[in-house]
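A short worksheet on the structure shown next.
This structure is a prediction, so every number in the text was calculated from the model and none was measured.
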Amino acid sequence: MSIAAALRIRTTPPRLVDVTAVAPQLAPLARTATRLHPRPGSPTPYDSSVGGPLLWPADEPWPHCEGPHEWDGWNEILSPEDVRQRRRIRAAVANRPGGDPPGTRYTPEELAIEERIKAGRPWPEGPIAMLPVAQLYVRDVPLLRPPKEAEADLLQVLWCPFDHPAQPETALFWRSAATVTDILDTPPEPPAIQFPGYLPEPCLIAPEQITEYPHIMELGKELQRQLEDWRRWQTAGAALDGFDSTPYPLDSSDTPYSKDFYNELYTGRMSVAPGWKVGGWTRWGLTDPLPRLCPSCGTEMDPLLTIASGEWNSNYPDWIPDEDRGRSLSSTTYPEPHNPTMLDLARGYDLQLHVCPVSPDHPHIELIQ
């Protein structure tokens, strides 16, 4: 392993307790997920990456979105290069000693660039070139197996950086890397994007397999009752004294926390991991669980990829990888450690892609949660 690869390793801390000891019926519901742990880097077309260059055949047309694309009349209209320039400037300012507020740290040249960017761009017309979102090789993410496509060892995800109607519209491509001998060097870019948070910062990944369990909203009533029983947690060895969460005391002298506390303990810390991941279970909360049925054949669809607005948050710090524990959410580095891709979907939510297990030719579905 190279030094660079070793520095990218990320390790999820063990859970507070083996949740199957609290509720044994969860054991057969366990699924393996791969946390991708994106970190800023300089990926090549031969790397698994987020927001990096794709191994795209030179003789294959680059995907475009036909729209419609409608301006909200409010937000700035920026090109991808505008966003990149602004990020470079803000990274330099964040790491530059100087006065407070940070605005006093800008050079005259940087202020001039910011003013030009604020002027905006014309609203684009016609088809929009899609942006690379992720490229994942099976060698790095062994769980990544397309249905009925034994030769495919590479997944490429692109999106249109405009709302359709409330999030970017994605396109998936499975291919065999060995068949790409002539790579498209300079793919087209859209003349504008709707929000800066729709342009992923180039990142390399550090895949890690973990075990997940269903979101509590997908469990039956009996399992939910077991997870609300504090005695089960106590018997399983969960040391809740001093646990980093706000307790909800009940009137009963023998029940230290309310059932809402145990529901949140399971949901936030024991079941579905945050951040970018392949496979695992679906996160719910913005809506109740909805059927995820293939539009073509009606088969229950599988979680494929979670495109996340952040890798962790302050409410559930035990998902922070061991290697990142010294880097708090209040860090002044840019980008923030918890959101290296700099994506912001629907004000902080995740976009989850589901695929049909029967055929890669069947349409995938998108879910914001």
Side-chain angles (χ1 to χ4, degrees), residues 10-20 22-23 25-38 48 50 133-138 140-147 155 157 170 172 174 203 205-219 223 227 263-294 299-313 315-316 318-321 338 341 343 345 348-357 360 364-369:
R10 291 296 183 271
T11 310
T12 301
R15 299 301 84 202
L16 174 72
V17 69
D18 179 1
V19 75
T20 63
V22 180
Q25 290 169 279
L26 285 171
L29 302 178
R31 286 184 184 174
T32 300
T34 302
R35 295 188 76 183
L36 299 181
H37 298 302
S48 292
V50 168
V133 176
Q135 172 169 272
L136 301 174
Y137 285 87
V138 170
D140 298 318
V141 189
L143 292 177
L144 201 63
R145 294 289 180 180
L155 170 65
V157 182
T170 54
L172 308 183
W174 297 96
C203 289
I205 67 170
E208 177 202 19
Q209 290 192 352
I210 62 166
T211 300
E212 290 191 337
Y213 299 94
H215 190 279
I216 198 164
M217 297 171 74
E218 295 202 77
L219 299 179
L223 258 177
L227 292 169
N263 285 342
E264 186 65 15
L265 172 62
Y266 171 77
T267 301
R269 300 175 183 263
M270 311 296 292
S271 58
V272 182
W276 284 73
K277 67 173 185 175
V278 168
W281 281 93
T282 302
R283 180 179 299 280
W284 299 98
L286 186 61
T287 68
D288 289 342
L290 303 169
R292 291 139 293 167
L293 303 179
C294 175
T299 302
E300 178 76 13
M301 303 185 84
D302 296 331
L304 173 68
L305 175 67
T306 297
I307 300 169
S309 294
E311 291 300 296
W312 65 77
N313 62 59
N315 292 328
Y316 308 117
D318 42 343
W319 286 112
I320 301 176
H338 75 286
T341 66
L343 292 187
L345 300 170
Y349 288 95
D350 297 343
L351 179 61
Q352 301 175 94
L353 307 183
H354 294 71
V355 292
C356 177
H364 66 285
I365 60 174
E366 301 163 338
L367 178 68
I368 284 280
Q369 291 287 328

Distance-only, no hydrogens or angles: does the [X] side chain make a donor-acceptor pair with backbone N or O of [Y] under 3.5 Å?
| X | Y | answer |
| --- | --- | --- |
| His354 | Met301 | no |
| Trp319 | Gly268 | yes |
| Ser309 | Leu345 | yes |
| Asp302 | Cys356 | no |
| Gln369 | Leu286 | yes |
| Ser271 | His215 | no |

Are Glu300 and Leu293 close enough, and set up right, to give a side-chain contact (heavy atoms from CB on, under 4.5 Å), and what steps lead you there? CA-CA 5 Å; Glu300 178 76 13; Leu293 303 179; 3.4 Å; yes

Hey, are Arg10 and Glu311 close enough for a salt bridge, meaning a charged N less than 4.0 Å from a carboxylate O? no

Strictly below 4.0 Å, N to O, side chains only: are Arg292 and Glu218 in salt-bridge contact? yes

Which value, rounded to the nearest 0.5 Å, describes the distance between [X] atom [atom1] and [Y] atom [atom2]?
| X | Y | atom1 | atom2 | answer |
| --- | --- | --- | --- | --- |
| Ile320 | Asn313 | CD1 | CG | 8.5 Å |
| Gln352 | Trp284 | CD | CH2 | 7.5 Å |
| Leu223 | Ile216 | CG | CD1 | 9.0 Å |
| Trp276 | Leu305 | CH2 | CG | 6.0 Å |
| Thr306 | Asp350 | OG1 | CG | 6.5 Å |
| Leu227 | Tyr213 | CG | OH | 11.5 Å |

What is the minimum heavy-atom distance between [X] and [Y], and which atoms define it?
| X | Y | answer |
| --- | --- | --- |
| Thr287 | Leu290 | OG1-CD1, 4.0 Å |
| Asp318 | Arg15 | O-NH2, 2.7 Å |
| Leu353 | Glu366 | CD2-CG, 3.7 Å |
| Leu143 | Thr32 | CD1-O, 3.5 Å |
| Leu155 | Leu172 | CD1-CB, 4.4 Å |
| Asn315 | Arg269 | O-NH2, 3.1 Å |

Compare all side-chain heavy atoms of [X] with those of [Y] and state whether any distance is below 4.5 angstrom.
| X | Y | result |
| --- | --- | --- |
| Leu265 | Leu16 | yes |
| Glu208 | Thr34 | no |
| Val133 | Thr170 | no |
| Pro321 | His37 | yes |

Test side-chain contact (heavy atoms from CB on, under 4.5 Å) on Leu36 and Leu136; report intermediate values, then the result. CA-CA 10 Å; Leu36 299 181; Leu136 301 174; 4.1 Å; yes

Residue that, paired with Glu212, satisfies salt bridge (Lys or Arg N to Asp or Glu O under 4.0 Å) out of Lys277, Arg31, Arg283: Lys277

Looking just at side-chain N and O atoms, do Thr12 and Arg35 make a donor-acceptor pair shorter than 3.5 Å? yes

After noting the C-alpha distance and the side-chain angles of Thr267 and Met217, does the key distance pass the side-chain contact (heavy atoms from CB on, under 4.5 Å) rule? CA-CA 9 Å; Thr267 301; Met217 297 171 74; over 6 Å; no

Output, in order, the C-alpha distance, side-chain angles, deciding distance and verdict of side-chain contact (heavy atoms from CB on, under 4.5 Å) for Leu219 and Tyr266. CA-CA 11 Å; Leu219 299 179; Tyr266 171 77; 3.8 Å; yes

Check the surroundings of atom OH in Tyr349: do more than 12 heavy atoms from other residues, nucleotides or ligands lie under 6.0 Å from it? no

